[in-house]
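Note sheet for the following structure.
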There are 2 protein chains.
Amino acid sequence: MTTADGRRAADGDPKPDGDPASDRAAPADTAPADTAPVDTVAAVVRQWEMVRPDLDTGPMEVIGRVNRCAALLQQAEDAPLRRAGLTRPEFDVLGTLRRTGHELTPSEIARETFSSGAAVTKRLKQLTERGLVERRGDTRDRRVAHVRLTDEGRDLVDGVLPDQLAYETRVLSGIDRERQHELARLLGELLGQLEGRLRLPRA
Amino acid sequence: MTTADGRRAADGDPKPDGDPASDRAAPADTAPADTAPVDTVAAVVRQWEMVRPDLDTGPMEVIGRVNRCAALLQQAEDAPLRRAGLTRPEFDVLGTLRRTGHELTPSEIARETFSSGAAVTKRLKQLTERGLVERRGDTRDRRVAHVRLTDEGRDLVDGVLPDQLAYETRVLSGIDRERQHELARLLGELLGQLEGRLRLPRA
DNA sequence: AGCAGGTGTTTTACTTGTAAAAGATTATCT
DNA sequence: AGATAATCTTTTACAAGTAAAACACCTGCT
(Lines give C-alpha, C1' and ligand atoms only; values in the text may rest on other atoms or scores of the structure.)
Protein backbone atom coordinates (compact mmCIF):
# COMPACT_ATOMS: atom_id res chain seq x y z
CA MET A 1 0.00 0.00 0.00
CA THR A 2 1.47 3.13 -1.13
CA THR A 3 -0.39 4.72 -3.84
CA ALA A 4 -1.61 3.80 -7.22
CA ASP A 5 1.71 2.33 -8.03
CA GLY A 6 3.85 3.06 -5.12
CA ARG A 7 4.47 6.75 -5.12
CA ARG A 8 4.01 9.79 -3.00
CA ALA A 9 3.26 10.20 0.66
CA ALA A 10 2.94 12.97 3.14
CA ASP A 11 0.87 12.14 6.10
CA GLY A 12 2.51 9.93 8.59
CA ASP A 13 -0.17 7.46 9.35
CA PRO A 14 0.67 3.84 9.93
CA LYS A 15 0.47 1.42 7.08
CA PRO A 16 -3.02 0.14 6.36
CA ASP A 17 -2.70 -3.57 6.00
CA GLY A 18 -3.64 -4.74 2.75
CA ASP A 19 -3.71 -7.32 0.15
CA PRO A 20 -4.59 -10.93 0.62
CA ALA A 21 -1.93 -11.90 -1.87
CA SER A 22 0.13 -13.38 0.85
CA ASP A 23 -0.13 -16.84 -0.63
CA ARG A 24 2.60 -15.70 -2.96
CA ALA A 25 5.73 -14.99 -1.00
CA ALA A 26 7.75 -11.87 -1.65
CA PRO A 27 10.20 -12.57 -4.44
CA ALA A 28 13.37 -13.77 -2.80
CA ASP A 29 15.64 -11.61 -4.89
CA THR A 30 13.88 -8.47 -3.78
CA ALA A 31 13.94 -9.31 -0.12
CA PRO A 32 17.34 -9.11 1.53
CA ALA A 33 18.45 -11.66 4.01
CA ASP A 34 18.21 -10.20 7.47
CA THR A 35 15.92 -7.23 7.98
CA ALA A 36 12.65 -8.75 6.78
CA PRO A 37 11.80 -5.62 4.83
CA VAL A 38 8.51 -6.09 2.99
CA ASP A 39 8.08 -2.44 2.32
CA THR A 40 4.79 -1.03 1.17
CA VAL A 41 5.85 -0.79 -2.42
CA ALA A 42 6.44 -4.52 -2.54
CA ALA A 43 2.88 -5.01 -1.36
CA VAL A 44 1.51 -2.63 -3.96
CA VAL A 45 3.43 -4.37 -6.70
CA ARG A 46 2.07 -7.71 -5.58
CA GLN A 47 -1.43 -6.33 -5.73
CA TRP A 48 -0.94 -5.17 -9.26
CA GLU A 49 0.46 -8.55 -10.22
CA MET A 50 -2.67 -10.14 -8.89
CA VAL A 51 -5.12 -8.04 -10.85
CA ARG A 52 -3.03 -7.39 -13.93
CA PRO A 53 -0.63 -10.30 -14.27
CA ASP A 54 -0.01 -9.33 -17.88
CA LEU A 55 1.85 -6.15 -16.98
CA ASP A 56 5.56 -5.83 -16.34
CA THR A 57 5.65 -4.22 -12.95
CA GLY A 58 9.43 -4.04 -12.94
CA PRO A 59 9.77 -0.27 -13.11
CA MET A 60 7.58 0.17 -10.07
CA GLU A 61 10.15 -1.59 -7.97
CA VAL A 62 12.57 1.22 -8.59
CA ILE A 63 10.45 4.24 -9.31
CA GLY A 64 7.80 3.55 -6.76
CA ARG A 65 10.43 3.12 -4.08
CA VAL A 66 12.33 6.22 -5.04
CA ASN A 67 9.19 8.26 -4.81
CA ARG A 68 8.07 6.76 -1.57
CA CYS A 69 11.48 7.11 0.02
CA ALA A 70 11.61 10.72 -1.04
CA ALA A 71 8.23 11.38 0.48
CA LEU A 72 9.14 9.79 3.79
CA LEU A 73 12.53 11.41 3.91
CA GLN A 74 11.13 14.84 3.27
CA GLN A 75 8.63 14.43 5.99
CA ALA A 76 11.32 13.24 8.34
CA GLU A 77 13.90 15.77 7.33
CA ASP A 78 11.70 18.71 7.79
CA ALA A 79 11.96 18.29 11.54
CA PRO A 80 15.30 19.98 12.22
CA LEU A 81 14.51 22.62 9.67
CA ARG A 82 11.18 23.45 11.17
CA ARG A 83 12.75 23.83 14.54
CA ALA A 84 14.72 26.63 12.96
CA GLY A 85 11.53 28.13 11.59
CA LEU A 86 12.33 27.23 8.01
CA THR A 87 10.53 25.25 5.36
CA ARG A 88 12.69 23.23 3.12
CA PRO A 89 12.20 25.42 0.07
CA GLU A 90 13.32 28.33 2.18
CA PHE A 91 16.31 26.44 3.42
CA ASP A 92 17.12 25.51 -0.13
CA VAL A 93 17.44 29.14 -1.03
CA LEU A 94 19.60 29.97 1.95
CA GLY A 95 21.71 26.90 1.49
CA THR A 96 22.31 27.67 -2.13
CA LEU A 97 23.61 31.08 -1.21
CA ARG A 98 25.74 29.62 1.52
CA ARG A 99 27.34 26.89 -0.49
CA THR A 100 28.10 28.99 -3.53
CA GLY A 101 29.63 31.58 -1.26
CA HIS A 102 28.70 34.58 -3.30
CA GLU A 103 25.73 36.66 -4.37
CA LEU A 104 23.24 35.17 -6.75
CA THR A 105 20.52 36.64 -8.89
CA PRO A 106 16.98 35.38 -8.49
CA SER A 107 17.22 33.48 -11.77
CA GLU A 108 20.38 31.78 -10.64
CA ILE A 109 18.71 30.80 -7.42
CA ALA A 110 15.78 29.46 -9.37
CA ARG A 111 18.07 27.33 -11.50
CA GLU A 112 20.10 26.07 -8.56
CA THR A 113 17.00 25.35 -6.64
CA PHE A 114 15.05 23.81 -9.50
CA SER A 115 12.08 25.95 -8.82
CA SER A 116 10.20 28.53 -10.82
CA GLY A 117 11.17 32.16 -10.85
CA ALA A 118 7.85 33.09 -9.36
CA ALA A 119 8.37 30.76 -6.45
CA VAL A 120 11.78 32.24 -5.82
CA THR A 121 10.37 35.74 -5.85
CA LYS A 122 7.93 34.80 -3.12
CA ARG A 123 10.52 33.07 -1.00
CA LEU A 124 12.96 35.92 -1.30
CA LYS A 125 10.30 38.34 -0.25
CA GLN A 126 9.74 36.45 2.94
CA LEU A 127 13.38 35.81 3.65
CA THR A 128 14.12 39.47 3.12
CA GLU A 129 11.38 40.48 5.52
CA ARG A 130 12.89 38.15 8.07
CA GLY A 131 16.27 39.70 7.59
CA LEU A 132 17.93 36.52 6.38
CA VAL A 133 18.86 37.79 2.93
CA GLU A 134 19.50 41.17 1.40
CA ARG A 135 19.13 42.39 -2.12
CA ARG A 136 20.82 45.06 -4.10
CA GLY A 137 20.23 46.10 -7.66
CA ASP A 138 22.84 45.59 -10.29
CA THR A 139 24.48 48.87 -11.15
CA ARG A 140 24.85 48.16 -14.83
CA ASP A 141 21.72 46.24 -15.64
CA ARG A 142 18.88 47.50 -13.58
CA ARG A 143 16.70 44.50 -14.34
CA VAL A 144 18.77 42.17 -12.28
CA ALA A 145 18.97 41.88 -8.54
CA HIS A 146 21.72 40.39 -6.45
CA VAL A 147 20.84 38.48 -3.35
CA ARG A 148 23.15 37.63 -0.50
CA LEU A 149 22.88 36.16 2.94
CA THR A 150 22.87 38.50 5.87
CA ASP A 151 25.07 37.60 8.80
CA GLU A 152 21.95 36.37 10.51
CA GLY A 153 21.02 34.24 7.54
CA ARG A 154 24.47 32.77 7.35
CA ASP A 155 24.48 31.98 11.03
CA LEU A 156 21.11 30.32 10.69
CA VAL A 157 22.27 28.04 7.89
CA ASP A 158 25.48 27.23 9.69
CA GLY A 159 23.56 26.41 12.80
CA VAL A 160 20.93 24.28 11.14
CA LEU A 161 23.01 22.32 8.68
CA PRO A 162 24.91 20.23 11.24
CA ASP A 163 21.65 19.28 12.91
CA GLN A 164 20.20 18.47 9.57
CA LEU A 165 23.10 16.25 8.63
CA ALA A 166 23.13 14.58 12.00
CA TYR A 167 19.48 13.86 11.60
CA GLU A 168 20.00 12.48 8.14
CA THR A 169 22.79 10.29 9.40
CA ARG A 170 20.45 8.89 11.99
CA VAL A 171 17.74 8.36 9.42
CA LEU A 172 20.14 6.29 7.35
CA SER A 173 21.66 4.49 10.27
CA GLY A 174 19.70 1.33 9.59
CA ILE A 175 21.76 0.80 6.46
CA ASP A 176 25.42 0.02 6.90
CA ARG A 177 28.00 2.28 5.37
CA GLU A 178 28.84 -0.02 2.56
CA ARG A 179 25.30 -0.30 1.36
CA GLN A 180 24.79 3.43 1.69
CA HIS A 181 27.74 3.83 -0.54
CA GLU A 182 26.43 1.38 -3.05
CA LEU A 183 23.04 3.02 -2.95
CA ALA A 184 24.57 6.43 -3.52
CA ARG A 185 26.52 5.05 -6.45
CA LEU A 186 23.49 3.51 -8.13
CA LEU A 187 21.34 6.54 -7.49
CA GLY A 188 24.07 8.70 -8.94
CA GLU A 189 23.97 6.61 -12.07
CA LEU A 190 20.22 6.88 -12.33
CA LEU A 191 20.32 10.57 -11.65
CA GLY A 192 23.03 11.06 -14.22
CA GLN A 193 20.84 9.33 -16.78
CA LEU A 194 17.80 11.34 -15.85
CA GLU A 195 19.65 14.60 -15.93
CA GLY A 196 21.53 13.72 -19.07
CA ARG A 197 18.41 13.51 -21.12
CA LEU A 198 16.30 15.99 -19.34
CA ARG A 199 14.20 16.20 -22.43
CA LEU A 200 13.37 12.57 -22.17
CA PRO A 201 12.30 10.35 -25.05
CA ARG A 202 8.77 11.55 -25.31
CA ALA A 203 6.42 8.77 -24.44
CA MET B 1 23.88 22.08 -8.12
CA THR B 2 20.57 20.98 -7.07
CA THR B 3 19.36 22.76 -4.11
CA ALA B 4 20.58 23.64 -0.72
CA ASP B 5 21.81 20.18 -0.23
CA GLY B 6 20.74 18.36 -3.24
CA ARG B 7 17.05 17.97 -3.01
CA ARG B 8 13.95 18.79 -4.86
CA ALA B 9 13.41 19.91 -8.38
CA ALA B 10 10.54 20.65 -10.66
CA ASP B 11 11.45 22.88 -13.49
CA GLY B 12 13.37 21.21 -16.18
CA ASP B 13 16.08 23.67 -16.90
CA PRO B 14 19.57 22.54 -17.75
CA LYS B 15 22.18 22.31 -15.10
CA PRO B 16 23.84 25.59 -14.23
CA ASP B 17 27.49 24.81 -14.13
CA GLY B 18 29.04 25.39 -10.91
CA ASP B 19 31.79 25.11 -8.56
CA PRO B 20 35.44 25.52 -9.36
CA ALA B 21 36.29 22.68 -7.03
CA SER B 22 37.49 20.65 -9.93
CA ASP B 23 41.00 20.52 -8.59
CA ARG B 24 39.63 17.83 -6.37
CA ALA B 25 38.46 15.00 -8.57
CA ALA B 26 35.14 13.37 -7.93
CA PRO B 27 35.66 10.56 -5.44
CA ALA B 28 36.42 7.49 -7.48
CA ASP B 29 34.14 5.27 -5.48
CA THR B 30 31.15 7.47 -6.14
CA ALA B 31 31.71 7.72 -9.87
CA PRO B 32 31.08 4.51 -11.79
CA ALA B 33 33.37 3.47 -14.54
CA ASP B 34 31.68 4.08 -17.84
CA THR B 35 28.89 6.61 -17.99
CA ALA B 36 30.71 9.66 -16.66
CA PRO B 37 27.83 10.56 -14.39
CA VAL B 38 28.73 13.64 -12.40
CA ASP B 39 25.18 14.31 -11.41
CA THR B 40 24.16 17.61 -9.91
CA VAL B 41 24.10 16.27 -6.39
CA ALA B 42 27.77 15.38 -6.61
CA ALA B 43 28.48 18.98 -7.55
CA VAL B 44 26.42 20.30 -4.67
CA VAL B 45 28.18 18.04 -2.23
CA ARG B 46 31.52 19.21 -3.49
CA GLN B 47 30.48 22.80 -2.97
CA TRP B 48 29.53 22.09 0.59
CA GLU B 49 32.82 20.37 1.17
CA MET B 50 34.58 23.47 -0.02
CA VAL B 51 32.83 25.90 2.29
CA ARG B 52 32.23 23.62 5.24
CA PRO B 53 34.94 20.96 5.16
CA ASP B 54 34.17 20.14 8.77
CA LEU B 55 30.81 18.61 7.97
CA ASP B 56 30.13 15.02 7.07
CA THR B 57 28.26 15.34 3.82
CA GLY B 58 27.78 11.60 3.54
CA PRO B 59 24.02 11.53 3.99
CA MET B 60 23.54 14.01 1.16
CA GLU B 61 24.92 11.49 -1.27
CA VAL B 62 21.96 9.25 -0.61
CA ILE B 63 19.20 11.53 0.51
CA GLY B 64 19.93 14.34 -1.90
CA ARG B 65 19.93 11.91 -4.77
CA VAL B 66 16.75 10.18 -3.72
CA ASN B 67 14.98 13.48 -3.55
CA ARG B 68 16.33 14.75 -6.80
CA CYS B 69 15.56 11.51 -8.61
CA ALA B 70 12.05 11.59 -7.30
CA ALA B 71 11.57 15.11 -8.50
CA LEU B 72 12.81 14.36 -11.98
CA LEU B 73 10.90 11.12 -12.21
CA GLN B 74 7.67 12.71 -11.20
CA GLN B 75 8.07 15.40 -13.75
CA ALA B 76 8.83 12.81 -16.40
CA GLU B 77 6.18 10.39 -15.38
CA ASP B 78 3.41 12.83 -15.43
CA ALA B 79 3.47 12.83 -19.21
CA PRO B 80 1.47 9.69 -19.98
CA LEU B 81 -0.92 10.48 -17.18
CA ARG B 82 -1.58 13.97 -18.37
CA ARG B 83 -2.35 12.67 -21.80
CA ALA B 84 -5.18 10.82 -20.13
CA GLY B 85 -6.30 14.00 -18.42
CA LEU B 86 -5.21 12.88 -14.99
CA THR B 87 -2.89 14.32 -12.43
CA ARG B 88 -0.86 11.85 -10.50
CA PRO B 89 -2.76 12.27 -7.27
CA GLU B 90 -5.94 11.55 -9.18
CA PHE B 91 -4.39 8.52 -10.78
CA ASP B 92 -3.24 7.37 -7.38
CA VAL B 93 -6.81 7.27 -6.20
CA LEU B 94 -8.04 5.40 -9.23
CA GLY B 95 -5.11 3.04 -9.19
CA THR B 96 -5.64 2.22 -5.56
CA LEU B 97 -9.22 1.26 -6.26
CA ARG B 98 -8.17 -0.77 -9.26
CA ARG B 99 -5.41 -2.72 -7.60
CA THR B 100 -7.33 -3.56 -4.46
CA GLY B 101 -10.21 -4.70 -6.61
CA HIS B 102 -12.93 -3.67 -4.23
CA GLU B 103 -14.67 -0.68 -2.76
CA LEU B 104 -12.78 1.52 -0.35
CA THR B 105 -13.83 4.17 2.09
CA PRO B 106 -12.32 7.64 1.80
CA SER B 107 -10.18 7.01 4.85
CA GLU B 108 -8.85 3.83 3.38
CA ILE B 109 -8.00 5.65 0.19
CA ALA B 110 -6.27 8.33 2.22
CA ARG B 111 -4.17 5.72 3.97
CA GLU B 112 -3.33 3.81 0.82
CA THR B 113 -2.52 6.98 -0.92
CA PHE B 114 -0.60 8.60 1.91
CA SER B 115 -2.53 11.77 1.62
CA SER B 116 -4.77 13.69 3.96
CA GLY B 117 -8.45 13.01 4.25
CA ALA B 118 -9.25 16.47 3.08
CA ALA B 119 -7.23 16.01 -0.07
CA VAL B 120 -9.02 12.77 -0.79
CA THR B 121 -12.37 14.43 -0.33
CA LYS B 122 -11.49 16.99 -2.95
CA ARG B 123 -10.15 14.47 -5.41
CA LEU B 124 -13.14 12.22 -5.02
CA LYS B 125 -15.43 15.12 -5.67
CA GLN B 126 -13.75 15.78 -8.98
CA LEU B 127 -13.48 12.17 -9.98
CA THR B 128 -17.13 11.65 -9.18
CA GLU B 129 -18.11 14.62 -11.30
CA ARG B 130 -16.13 13.14 -14.14
CA GLY B 131 -17.91 9.86 -13.75
CA LEU B 132 -14.79 7.88 -12.94
CA VAL B 133 -15.84 6.81 -9.46
CA GLU B 134 -19.11 6.31 -7.66
CA ARG B 135 -19.99 6.50 -4.02
CA ARG B 136 -22.62 4.89 -1.89
CA GLY B 137 -23.28 5.26 1.78
CA ASP B 138 -22.76 2.43 4.20
CA THR B 139 -26.04 0.96 5.29
CA ARG B 140 -24.96 0.23 8.83
CA ASP B 141 -22.73 3.13 9.69
CA ARG B 142 -23.97 6.24 8.03
CA ARG B 143 -20.76 8.12 8.61
CA VAL B 144 -18.83 6.08 6.13
CA ALA B 145 -18.93 6.14 2.38
CA HIS B 146 -17.85 3.47 -0.05
CA VAL B 147 -16.17 4.41 -3.27
CA ARG B 148 -15.75 2.27 -6.33
CA LEU B 149 -14.56 2.68 -9.88
CA THR B 150 -17.11 3.07 -12.59
CA ASP B 151 -16.61 1.05 -15.74
CA GLU B 152 -15.28 4.18 -17.32
CA GLY B 153 -12.84 4.72 -14.50
CA ARG B 154 -11.64 1.18 -14.68
CA ASP B 155 -11.16 1.38 -18.42
CA LEU B 156 -9.20 4.58 -17.99
CA VAL B 157 -6.82 3.05 -15.49
CA ASP B 158 -6.41 -0.07 -17.57
CA GLY B 159 -5.69 2.02 -20.60
CA VAL B 160 -3.22 4.34 -18.94
CA LEU B 161 -1.25 1.93 -16.82
CA PRO B 162 0.48 0.07 -19.66
CA ASP B 163 1.57 3.39 -21.18
CA GLN B 164 2.76 4.50 -17.82
CA LEU B 165 4.81 1.37 -17.28
CA ALA B 166 6.20 1.47 -20.78
CA TYR B 167 7.26 5.01 -20.16
CA GLU B 168 8.85 4.13 -16.87
CA THR B 169 10.68 1.29 -18.52
CA ARG B 170 12.08 3.69 -21.04
CA VAL B 171 13.05 6.14 -18.33
CA LEU B 172 15.04 3.44 -16.62
CA SER B 173 16.49 2.01 -19.82
CA GLY B 174 19.84 3.65 -19.20
CA ILE B 175 20.43 1.31 -16.29
CA ASP B 176 20.86 -2.35 -17.05
CA ARG B 177 18.52 -4.87 -15.53
CA GLU B 178 20.95 -6.10 -12.97
CA ARG B 179 21.61 -2.68 -11.54
CA GLN B 180 17.92 -1.87 -11.54
CA HIS B 181 17.44 -4.96 -9.50
CA GLU B 182 20.18 -4.05 -7.11
CA LEU B 183 18.84 -0.54 -6.84
CA ALA B 184 15.37 -1.84 -6.11
CA ARG B 185 16.78 -4.11 -3.46
CA LEU B 186 18.69 -1.38 -1.68
CA LEU B 187 15.82 1.06 -1.92
CA GLY B 188 13.57 -1.61 -0.50
CA GLU B 189 15.88 -1.91 2.46
CA LEU B 190 15.95 1.81 3.01
CA LEU B 191 12.23 2.06 2.63
CA GLY B 192 11.71 -0.78 5.03
CA GLN B 193 13.80 1.04 7.58
CA LEU B 194 11.99 4.29 7.04
CA GLU B 195 8.60 2.71 7.24
CA GLY B 196 9.54 0.56 10.17
CA ARG B 197 10.19 3.47 12.40
CA LEU B 198 7.76 5.94 10.99
CA ARG B 199 8.00 7.74 14.22
CA LEU B 200 11.68 8.30 13.74
CA PRO B 201 14.19 8.86 16.49
CA ARG B 202 13.32 12.44 17.15
CA ALA B 203 16.22 14.66 16.23
C1' DA C 1 17.66 58.18 -32.36
C1' DG C 2 14.04 54.92 -32.45
C1' DC C 3 11.91 50.72 -32.27
C1' DA C 4 11.43 45.38 -32.35
C1' DG C 5 12.49 41.88 -29.67
C1' DG C 6 14.84 39.56 -25.78
C1' DT C 7 15.80 39.00 -20.80
C1' DG C 8 15.21 39.36 -15.59
C1' DT C 9 11.78 39.84 -12.27
C1' DT C 10 7.32 40.41 -10.40
C1' DT C 11 2.34 40.19 -10.51
C1' DT C 12 -2.10 37.96 -11.27
C1' DA C 13 -5.36 34.37 -11.30
C1' DC C 14 -5.86 30.01 -10.10
C1' DT C 15 -5.06 25.19 -8.39
C1' DT C 16 -4.11 22.15 -4.88
C1' DG C 17 -2.70 20.82 -0.51
C1' DT C 18 -2.94 21.32 4.67
C1' DA C 19 -4.45 21.97 9.56
C1' DA C 20 -8.00 22.66 12.35
C1' DA C 21 -12.77 22.95 13.20
C1' DA C 22 -17.35 21.55 12.18
C1' DG C 23 -20.96 18.04 11.25
C1' DA C 24 -22.90 13.94 11.62
C1' DT C 25 -23.10 9.54 13.48
C1' DT C 26 -21.80 5.64 16.41
C1' DA C 27 -19.61 3.56 20.63
C1' DT C 28 -18.87 3.51 25.57
C1' DC C 29 -19.61 4.30 30.34
C1' DT C 30 -22.41 4.91 34.37
C1' DA D 1 -31.26 6.23 28.87
C1' DG D 2 -28.08 10.09 28.63
C1' DA D 3 -23.84 12.13 28.43
C1' DT D 4 -19.12 11.85 26.85
C1' DA D 5 -15.81 10.37 23.85
C1' DA D 6 -14.42 8.50 19.54
C1' DT D 7 -14.77 8.05 14.41
C1' DC D 8 -15.61 9.31 9.45
C1' DT D 9 -16.03 12.84 6.32
C1' DT D 10 -16.43 17.49 4.83
C1' DT D 11 -15.78 22.42 5.29
C1' DT D 12 -13.11 26.58 6.11
C1' DA D 13 -9.29 29.48 6.06
C1' DC D 14 -5.02 29.73 4.47
C1' DA D 15 -0.22 28.76 2.53
C1' DA D 16 2.48 27.95 -1.47
C1' DG D 17 3.22 26.65 -6.11
C1' DT D 18 2.40 27.37 -11.24
C1' DA D 19 1.57 29.40 -15.92
C1' DA D 20 0.92 33.25 -18.28
C1' DA D 21 0.82 38.05 -18.54
C1' DA D 22 2.75 42.34 -17.19
C1' DC D 23 6.71 45.34 -16.23
C1' DA D 24 10.93 47.22 -16.68
C1' DC D 25 14.97 47.36 -18.79
C1' DC D 26 18.59 46.27 -22.19
C1' DT D 27 20.42 45.19 -27.13
C1' DG D 28 20.91 45.45 -31.73
C1' DC D 29 19.26 46.77 -36.10
C1' DT D 30 18.15 50.36 -39.31
Side-chain angles (χ1 to χ4, degrees), chain A residues 3 7-14 16 70-71 74-75 78 81-82 85-93 103-130 133-147, chain B residues 3 7-14 16 70-71 74-75 78-79 81-82 85-93 103-130 133-148:
Chain A
T3 201
R7 325 186 147 75
R8 180 173 307 280
D11 242 5
D13 236 18
Q74 298 207 1
Q75 170 189 341
D78 282 349
L81 260 39
R82 257 202 279 272
L86 290 173
T87 65
R88 195 206 317 254
E90 286 167 346
F91 179 76
D92 283 349
V93 170
E103 293 183 334
L104 292 172
T105 67
S107 344
E108 286 168 336
I109 295 173
R111 264 201 316 263
E112 289 285 325
T113 241
F114 296 101
S115 38
S116 72
V120 170
T121 295
K122 287 191 180 179
R123 285 177 213 149
L124 289 177
K125 194 171 142 202
Q126 292 189 140
L127 294 171
T128 304
E129 280 164 6
R130 286 207 255 165
V133 304
E134 286 172 345
R135 32 195 333 164
R136 66 171 182 83
D138 188 294
T139 37
R140 311 241 164 150
D141 186 339
R142 284 181 305 184
R143 287 170 305 182
V144 339
H146 295 270
V147 183
Chain B
T3 202
R7 327 184 146 75
R8 182 174 305 279
D11 243 4
D13 236 18
Q74 298 207 2
Q75 170 191 340
D78 281 349
L81 259 40
R82 258 202 279 273
L86 291 173
T87 64
R88 197 206 317 258
E90 287 167 345
F91 179 75
D92 284 349
V93 171
E103 290 183 336
L104 293 171
T105 69
S107 346
E108 286 169 335
I109 294 173
R111 267 201 315 265
E112 289 284 327
T113 241
F114 296 102
S115 38
S116 71
V120 170
T121 295
K122 289 190 178 179
R123 285 176 213 150
L124 287 177
K125 194 170 141 203
Q126 293 189 137
L127 294 171
T128 304
E129 281 166 5
R130 285 208 253 164
V133 305
E134 285 173 344
R135 34 195 331 162
R136 68 172 182 82
D138 189 293
T139 37
R140 310 239 164 152
D141 185 340
R142 282 182 307 183
R143 288 171 303 183
V144 338
H146 295 271
V147 183
R148 66 168 165 257

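Here is how names work: the chains are called A, B, and so on, in the same order as the sequence lines, proteins then strands, and each is numbered from 1. Nothing here was measured: the structure is a model prediction, and the numbers come from that model.
At C/dG17, none of the side-chain N or O atoms of B/S116 fall inside 4.0 Å of OP1 or OP2 (strictly under the cut-off). Residue B/Q126 places no side-chain N or O under 4.0 Å from the OP1 or OP2 atom of C/dT15. Listed pair B/R135 / D/dT10 meets the phosphate criterion, a side-chain N or O lying under 4.0 Å from OP1 or OP2.
Rounded to whole Å, atom P of D/dG17 lies 12 Å from atom CD of A/Q74. If you take CZ of B/R88 and P of C/dG17, they are 12 Å apart, rounded to a whole angstrom. The CD1-P distance, from B/I109 to D/dC8, rounds to 14 Å in whole Å. With rounding to whole Å, B/R123 atom CZ is found 13 Å from D/dT10 atom P. Per the geometry, CZ belonging to A/R82 stands 15 Å off P belonging to D/dA15, to the nearest Å. Summarising the geometry, the separation between CD on A/E90 and C1' on D/dG17 is reported as 13 Å, rounded to the nearest angstrom. Rounded to whole angstrom, the span from the NZ atom of A/K125 across to the P atom of C/dT10 amounts to 10 Å. Straight-line distance from the CG atom of A/D138 to the P atom of D/dC26: 9 Å, rounded to whole Å.
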- Item | Intermediate values then yes/no, side chain to side chain contact (heavy atoms under 4.5 Å, CB included), B/I109 and B/L124 | CA-CA 10 Å; B/I109 294 173; B/L124 287 177; 4.2 Å; yes
- Task: Show your working on side chain to side chain contact (heavy atoms under 4.5 Å, CB included) between B/R82 and B/R88 and close with a plain yes or no.
- Result: CA-CA 8 Å; B/R82 258 202 279 273; B/R88 197 206 317 258; over 6 Å; no
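B/R130 meets the side-chain hydrogen bond (donor to acceptor under 3.5 Å, both in side chains) test with B/E90; sequence neighbours excluded.
Residue side chain B/K122 reaches the base of C/dT18 through a donor-acceptor N/O pair under 3.5 Å, judged by distance alone.
Note on A/R143 versus A/D141: salt bridge recorded, some NZ/NE/NH1/NH2 to OD/OE distance being below 4.0 Å.
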Polar-atom pairs under 3.5 Å, protein N or O versus N or O of nucleotides 24-28 of chain C: list them with distances, or write none.
| residue | atom | partner | partner atom | Å |
| --- | --- | --- | --- | --- |
| C/dT25 | O2 | B/R143 | NH1 | 3.4 |
| C/dT26 | OP1 | B/R140 | O | 3.1 |
| C/dT26 | OP1 | B/R142 | N | 3.3 |

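Each of D/dG17, D/dT11, C/dT10 was ranked by its minimum atom distance to the side chain of A/P106; first place goes to C/dT10.
Nucleic acid contact class of B/T87 (heavy atoms, under 4.0 Å, all strands): none.
Nearest heavy-atom pair, B/V120 versus B/S115, reported as atom, atom and distance to 0.1 Å: CG2-OG, 3.9 Å.
With hydrogens and angles left out, the side-chain atoms of B/T87 and B/R123 include no donor and acceptor closer than 3.5 Å.
Atom CZ of A/R136 is surrounded by more than 12 heavy atoms from other residues, nucleotides or ligands within 6.0 Å.
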